[in-house]
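These numbers come from the heavy atoms of this one structure, side chains and all, not from hydrogens, waters or symmetry mates.
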Amino acid sequence: MAADWDRAEADLRWCLVDGRGVDGKDILLESLLMRDTERGLENLRRGFAIAKRDEGAVANFLACEGADSLRLFDLGRKVIGLKPVASLE
């Protein structure tokens, strides 16, 4: 499966902003606040799998992570109004 970045952003936006009573939302938010991006990505993946149980959404998330994990992490940060991790260094 090719990475669909627009879908990844829409799915993350639903999980983090638009969705109501989303399971895993706290894990997602905490993961995006971590300075250790490797650990943050692990938690982002875990939180996303809890929040979006749709196989297509999870497969796309994994495709995006495989293509560029830092871009995916920064996409999540962008959705909640945070700067990219590179700007933290």
- Test item: Met34 and Leu44 side chains (from C-beta on) under 4.5 Å apart, heavy atoms: no

- Message: Quick one, Asp11 and Phe61 - any side-chain contact, counting heavy atoms below 4.5 Å?
- Response: no

- Note on the structure: Distance col, row Arg77:CZ vs Leu12:CG, nearest 0.5 angstrom, shows 13.0 Å

- Using the rule that two of Ile, Leu, Val, Met, Phe, Trp, Tyr join whenever any of their side-chain heavy atoms come within less than 4.5 Å, decide whether Val17 and Leu28 are in one cluster. yes

- Item | Candidate list Ile27, Ile80, Leu41, test side-chain contact (heavy atoms from CB on, under 4.5 Å), partner Leu32, passing option | Ile80

- Task: Go through the steps to decide whether Arg13 and Asp18 satisfy the test salt bridge (charged side-chain N to carboxylate O under 4.0 Å, His left out), and finish with yes or no.
- Result: CA-CA 6 Å; Arg13 182 168 306 285; Asp18 298 334; 5.1 Å; no

- Where do Gly40 and Ser31 come nearest, in terms of heavy atoms and distance? O-CB, 3.3 Å

- Message: Using salt bridge (charged side-chain N to carboxylate O under 4.0 Å, His left out), reason through Asp23 and Arg53 one step at a time and then give a plain yes or no.
- Response: CA-CA 10 Å; Asp23 291 335; Arg53 295 185 182 106; 3.3 Å; yes

- Item | Nearest heavy-atom neighbours spanning Ala8 and Asn60 | N-ND2, 3.4 Å

- Message: Quick check: is Ile50 connected to Val79 through a chain of hydrophobic side chains (ILVMFWY, heavy atoms under 4.5 Å apart)?
- Response: no

- Item | Heavy-atom side-chain proximity of Glu65 to Phe73 below 4.5 angstrom | no

- Query: How far does NZ of Lys25 sit from SG of Cys15, to the nearest 0.5 angstrom?
  - Reply: 9.5 Å

- Side chains of Arg45 and Leu62: closer than 4.5 Å at any heavy-atom pair? yes

- Check whether any side-chain heavy atom of Lys78 sits under 4.5 Å from a side-chain heavy atom of Glu9, and report yes or no. yes

- Can you name the closest pair of heavy atoms from Leu16 and Gly76 and give their distance? CD1-O, 4.0 Å

- Task: Could you tell me which non-hydrogen atom of Lys52 sits nearest to which non-hydrogen atom of Ala57, and how far apart they are?
- Result: CE-CB, 3.9 Å

- Query: If you look at every heavy atom in Pro84 and Asp74, which pair is closest and at what distance?
  - Reply: CA-OD1, 3.3 Å

- Query: So, do Val58 and Asp54 sit near enough that their side-chain heavy atoms are less than 4.5 Å apart?
  - Reply: no

- Note on the structure: Here the gap from Leu33 atom CG to Asn43 atom CG, rounded to the nearest 0.5 Å, amounts to 11.5 Å

- Item | Separation of Trp5 CH2 from Leu75 CG (nearest 0.5 Å) | 7.0 Å

- For residues Glu38 and Glu42, determine if any side-chain heavy atom of one lies less than 4.5 Å from a side-chain heavy atom of the other. yes

